[in-house]
Amino acid sequence: MTEASKIISSLQGDLERQANQLDFLGKEIDQKKLIAERYAVLAQTNQEAFSAFKMEMEETLRKELNTQNEKGKTIRRTVSFASWSISLVIGAFLGAWFQTQLDPKVQSPQSQPPSQISR
């Protein structure tokens, strides 16, 4: 009987320790659940704030890019016109130069000697 009471008291001790551990784990789970819910609320709030911030930044960036584009238009047009003008002048110069270089070598029909073919 004493041995049975020792075994029963040992089992009761084990059950109490396990019950205490389960209570501790239950409390820990509840605490972590509360923390997770708090972070979920923060994440949702941050998501909404980030969404608003993102939309504001997109609009600001779009306006800034349009402003920069408008600023650069006159410069781009000026550079484009200058390069077009330089190309035109260089093309005219090269055309005249080639014409003077080829002109003495190719004789016009009036400056050629009369043909020796008799009719």
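Just the heavy atoms: all of them, side chains too, but no hydrogens, waters or symmetry mates, feed the values below.
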Let me check something: any side-chain donor-acceptor pairs from residues 24-40 under 3.5 Å, sequence neighbours excluded? List them with distances.
none

Quick one: CG on L15 to CD1 on I8, what's the gap to the nearest 0.5 Å? 11.5 Å

CD/Q12 to CD1/I7 distance, rounded to the nearest 0.5 angstrom? 12.5 Å

Please list all pairs meeting salt bridge (charged side-chain N to carboxylate O under 4.0 Å, His left out) that have one or both residues in residues 5-20, counting only residues at least two apart or in different chains. D14-R17

Answer whether the closest heavy-atom distance between the side chains of K71 and T67 falls below 4.5 Å. yes

Could you check whether any side-chain heavy atom of N69 comes within less than 4.5 Å of a side-chain heavy atom of R76, counting everything from C-beta outward? yes

Scan the side chains in residues 49-57 for donor-acceptor partners under 3.5 Å anywhere in the protein, sequence neighbours excluded, and list what turns up.
none

Listing, residues 77-89 side-chain donor-acceptor contacts under 3.5 Å, not counting sequence neighbours, or none:
{"unit_1": "T78", "atom_1": "OG1", "unit_2": "T74", "atom_2": "O", "d": "2.7"}
{"unit_1": "S83", "atom_1": "OG", "unit_2": "V79", "atom_2": "O", "d": "3.2"}
{"unit_1": "S83", "atom_1": "OG", "unit_2": "S80", "atom_2": "O", "d": "2.9"}
{"unit_1": "S85", "atom_1": "OG", "unit_2": "F81", "atom_2": "O", "d": "2.9"}
{"unit_1": "S87", "atom_1": "OG", "unit_2": "S83", "atom_2": "O", "d": "2.9"}

Does E59 have any side-chain contact (heavy atoms from CB on, under 4.5 Å) partners at least two apart in sequence or in another chain, and if so, which? R62, K63

Shared hydrophobic cluster, I90 / F93 (ILVMFWY, side-chain heavy atoms < 4.5 Å): yes

Connected to L22, directly or through other members, by ILVMFWY side-chain contacts below 4.5 Å are none

